[in-house]
Amino acid sequence: MKVLLIGSGGREHALAWGLAQSPKLSKLYIAPGNAGTAQLGENVSISAENLSELAQFAKREQIDLTVVGPEAPIVAGIRDLFEREDLKIIAPTQKASFLEGSKVQAKAFMHKHSIPTARHASFDNFEQALTFARTMAPPIVIKADGLAAGKGVAIAQTHTEAEQILRDFMIAKKFGAASQRVVVEEFLVGKEFSLFVASDGVSWKLLGTAQDYKRLRDGDQGPNTGGMGSISPVPWLTEKMLDETVQKIVAPTFAALRKENLSYEGILYFGLIWTDNGPSVLEYNVRFGDPETQVLVPRFDFDLLELYLALAERRLEKFEANLKPVSAVCVVLASGGYPEHYEKGFVIEGLEALTPSSLYFPSPSEGRGERGVRVRGAGGEGHILIFHAGTALKDGQMVTSGGRVLNIIGLGTSVSEARERAYAALKQISFPKMHYRTDIAA
Ligand code: AMP
Ligand code: GLY
């Protein structure tokens with residue numbers, strides 16, 4: 001099968017790595033990909049947002065299946081376009097993508113269907129938003145309605161700060177049309193976690209749990225980022241808590257989608273918080289998470305391409321989506337200055353030392369019925385994966401080309417083992433101004 005994967009981050013490298021292990025795969029294209037995905041398939045220099053060129057490419061190359069990583073093409077309607085062109089693609093329709101594409105509509109959906117979420121109000125008028133925010137006790141959560149590359153949520157500690165944020169969002173239009181409308185909501189206290197669910201429109205299946213570390217610095221300090229690390233499974237989430245989340249949130253969400261006559265085909269990401277009143281939805285995303293995918297895919301005890309085919313052919317119900325009984329920890333190596341201003345083009349040292357003998361490369365069935373992961377290589381090696389996020393090849397050298405540069409994944413039978421392995425591996429890698437958190441999974 002010829003597969004086209006859309007996207008260019010660490011999530012896409014992880015998906016490419018999963019797809020590359022399928023015996024059914026004959027050729028993998030990644031658009032636009034990065035230096036890591038280039039090792040697993042052929043990068044195609046078409047942006048993830050250039051939908052018509054992507055469709056033309058898929059037609060011309062007779063792609064059997066297209067898989068989408070990021071949200072932007074989904075919200076822009078890539079599924080609908082491909083379908084019109086008779087091209088097979090795994091992604092929800094534009095109509096269903098409001099779950100991520102519009103926080104205002106997503107909140108209205110949750111409210112209508114009694115799905116637990118923070119109390120809120122939505123506004124397209126600045127004065128009204130401000131008046132409402134002033135009635136709330138800080139901290140106050142303010143969310144841009146539309147896509148804002150993960151930066152559309154601000155938490156105001158004071159009313160003055162809330163006013164400034166509302167001005168930035170609604171009047172200065174910090175995120176353009178995306179921040180003209182806002183959701184103002186109550187701040188929830190609790191522990192965050194995420195669930196990843198696959199759905200073929202008929203049935204849905206839980207793929208796994210993960211937690212990401214959004215703040216830049218240790219101890220959850222500093223600005224929000226796209227994610228500085230992740231862990232799977234979520235160590236503190238018990239079976240009972242998971243069951244409660246499925247019962248109160250996941251099942252009602254899919255029932256509500258059906259009631260609204262929306263067929264959801266693809267991956268649904270539940271961004272959740274466990275509060276004193278149980279689980280509550282912070283956000284929906286219509287795709288896999290980044291960097292959560294980097295700790296989820298290595299735990300899949302099934303062929304990722306087979307999962308996508310089961311989705312395409314609506315036979316998810318019979319698909320066995322088992323996980324390996326291992327923990328995975330991902331530490332993100334970022335460019336100094338990220339998430340604001342940072343330089344690119346620094347040479348990355350030490351990657352060769354980690355490839356390929358120490359890298360984990362299982363066959364899909366490996367690990368089944370075993371404790372832990374069997375690996376190539378000896379002496380504790382072979383429990384590491386490196387996924388590229390912002391890298392490029394320049395004059396034969398691997399250089400930094402983004403804010404988040406590399407994802408170092410450690411796998412182990414316990415969280416601490418996985419964590420130790422990830423940190424031991426990253427000590428061998430360096431580039432100028434490299435920044436990472438030292439407390440992922442601690
Ligand atoms: P979102 O994009 O909606 O997940 O928001 C990004 C981050 O903002 C979340 O991961 C939380 O850390 C935080 N957040 C969003 N909504 C709330 C809320 N109602 N209460 C507390 N924190 C929130
Ligand atoms: N890790 C958060 C996200 O993918 O949106």
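Numbering of ligands and ligand atoms starts at 1, following listing order.
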Fill in the blank from the handout: d(Leu411 CG, Glu417 CD) to nearest 0.5 Å is 9.5 Å

Run the side-chain donor-acceptor check on residues 169-178: report pairs under 3.5 Å with partners two or more places apart or on a different chain.
none

Fill in the blank from the handout: Note: Leu25 and Leu305 closest approach over all heavy atoms is N-CD2, 3.9 Å

Exercise for the section: Run through ligand 1 for me and note each protein residue having a heavy atom under 4.0 Å from it, chain first, then residue number. Expected result: Lys103, Ala118, Val141, Lys143, Val153, Glu185, Glu186, Phe187, Leu188, Glu192, Lys214, Leu282, Glu283

Exercise for the section: Given salt bridge (charged side-chain N to carboxylate O under 4.0 Å, His left out), test Glu244 with Lys240 step by step and report yes or no. Expected result: CA-CA 6 Å; Glu244 190 177 332; Lys240 194 163 165 277; 5.3 Å; no

Practice task
Give the intermediate values and the outcome of side-chain contact (heavy atoms from CB on, under 4.5 Å) for residues Glu12 and Thr293.
Solution key: CA-CA 8 Å; Glu12 285 72 27; Thr293 307; over 6 Å; no

Problem - Side chain to side chain, Pro70 and Glu49, heavy atoms closer than 4.5 Å - result: no

Exercise for the section: Could you pull out all residues at least two apart from Trp274 that satisfy ring pair (Phe, Tyr, Trp, His ring centres under 6.0 Å)? Expected result: none

Practice task
Check Pro235 against Gln211 and note the closest heavy-atom contact, atom names and distance.
Solution key: CD-OE1, 4.4 Å

Handout entry: Check ion pair Asp145-Lys107 (N to O, under 4.0 angstrom)
Key = no

Practice task
Below 4.0 Å from any atom of ligand 2, which residues have a heavy atom? Give them in chain and number order, please.
Solution key: Asp212, Gly226, Tyr269, Asn285, Arg287, Gly289, Asp290, Pro291, Glu292

